[in-house]
Amino acid sequence: MNKSNLIWFGRYEGWLKWLARGVRDCDYECMKKAAKLFDMMLVDECVVIPMPSHTGEAKQMLSVANMIPGERLVLDVLRCSPHESNYTQKKDGFTPSDINMWCGCLPKLGRPVYIIDNVICTGVTAGAALRAVKNAGSDAMVVALASSPWR
């Protein structure tokens, strides 16, 4: 993954660690706070694609995406095969594996495309998402709340 395709608000520690975990755990207040941070990081009139979790769907990030104010189009088009989370794999001493991710229909809208995520841990998921969106015919940036210090 090219680091020029990645933006994050801060390091995965302190308040941002709490916030990213709260989003993962579907804490409504954390999701609202995350939406406000994404609002500051994203340009107006863009396309927002929520990142799927290791379950294969983007439940938490889709909720956050729908809370982001403004004229942003949310497209829930990314999916992946369910897998052990990359964080768990890395914690257990395994090298995070490649993720089978694909992107559904992505219309040409002439807007910047951003894939949003709560935390970048290893970069494997972000790389798979960027490739899937590219294969669907668009360039994108991954925008995360936090980046882990062990990245």
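For N135, the side-chain contact (heavy atoms from CB on, under 4.5 Å) criterion is met by no residue, not counting sequence neighbours. For A132, the side-chain contact (heavy atoms from CB on, under 4.5 Å) criterion is met by L78, M101, C103, not counting sequence neighbours. Not a single side-chain contact (heavy atoms from CB on, under 4.5 Å) links K36 to another residue, sequence neighbours left out. By the side chain to side chain donor-acceptor pair (under 3.5 Å) test, D27 pairs with no residue at all, sequence neighbours left out. With sequence neighbours excluded, no residue forms a salt bridge (Lys or Arg N to Asp or Glu O under 4.0 Å) with E71. In terms of the salt bridge (Lys or Arg N to Asp or Glu O under 4.0 Å) criterion, D25 has no residue partners (sequence neighbours excluded). With sequence neighbours excluded, the residues satisfying side-chain contact (heavy atoms from CB on, under 4.5 Å) with K17 are Y12, R21.
With contacts defined as side-chain heavy-atom distances shorter than 4.5 Å, the pair I68/I116 qualifies.
Taking both residues in full, the closest heavy atoms of P107 and C105 are given as CD-O, 3.7 Å, listed atom of the first, atom of the second, then distance. Closest approach of I99 to C80, counting heavy atoms only: CG2-CB, 3.8 Å. The two residues M141 and L6 come nearest to each other via the heavy atoms CE-N, 4.1 Å. Looking at every heavy atom in both residues, C121 comes nearest to S148 through O-OG, 3.1 Å.
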Output side-chain donor-acceptor pairs under 3.5 Å for residues 58-67, partner residues at least two apart or in another chain, one line each.
{"residue": "Q60", "atom": "NE2", "partner": "R24", "partner atom": "O", "Å": "2.9"}
{"residue": "S63", "atom": "OG", "partner": "K59", "partner atom": "O", "Å": "3.2"}
{"residue": "N66", "atom": "ND2", "partner": "L62", "partner atom": "O", "Å": "3.2"}

Please tabulate, for the side chains in residues 39-53, all donor-acceptor contacts under 3.5 angstrom to protein atoms that are two or more places apart in sequence or on a different chain.
{"residue": "D39", "atom": "OD1", "partner": "R72", "partner atom": "NH1", "Å": "2.7"}
{"residue": "D39", "atom": "OD1", "partner": "R72", "partner atom": "NH2", "Å": "3.2"}
{"residue": "D44", "atom": "OD1", "partner": "R72", "partner atom": "NH2", "Å": "3.2"}
{"residue": "S53", "atom": "OG", "partner": "T55", "partner atom": "N", "Å": "3.3"}
{"residue": "S53", "atom": "OG", "partner": "T55", "partner atom": "OG1", "Å": "2.8"}
{"residue": "S53", "atom": "OG", "partner": "E57", "partner atom": "O", "Å": "3.4"}

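Cluster membership check: W8 shares its hydrophobic cluster with V113, using side-chain heavy-atom separations under 4.5 Å among Ile, Leu, Val, Met, Phe, Trp and Tyr. Both F9 and L19 are part of a single hydrophobic cluster, where members link through side-chain heavy atoms under 4.5 Å apart. In the hydrophobic clustering of this structure, I115 does not group with W102; members are Ile, Leu, Val, Met, Phe, Trp, Tyr whose side-chain heavy atoms approach within less than 4.5 Å, directly or through other members.
Residue pairs satisfying the salt bridge (Lys or Arg N to Asp or Glu O under 4.0 Å) criterion with at least one member in residues 101-117, sequence neighbours excluded, are absent. The stretch residues 120-130 participates, sequence neighbours left out, in no salt bridge (Lys or Arg N to Asp or Glu O under 4.0 Å) pair at all.
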Q. Could you walk me through whether K33 and W18 pass the side chain to side chain contact (heavy atoms under 4.5 Å, CB included) check?
A. CA-CA 11 Å; K33 286 175 175 46; W18 168 82; 4.2 Å; yes

Q: Starting from the C-alpha separation in whole Å, work towards a yes-or-no answer on side chain to side chain contact (heavy atoms under 4.5 Å, CB included) for I7 and V142.
A: CA-CA 6 Å; I7 302 168; V142 174; over 6 Å; no

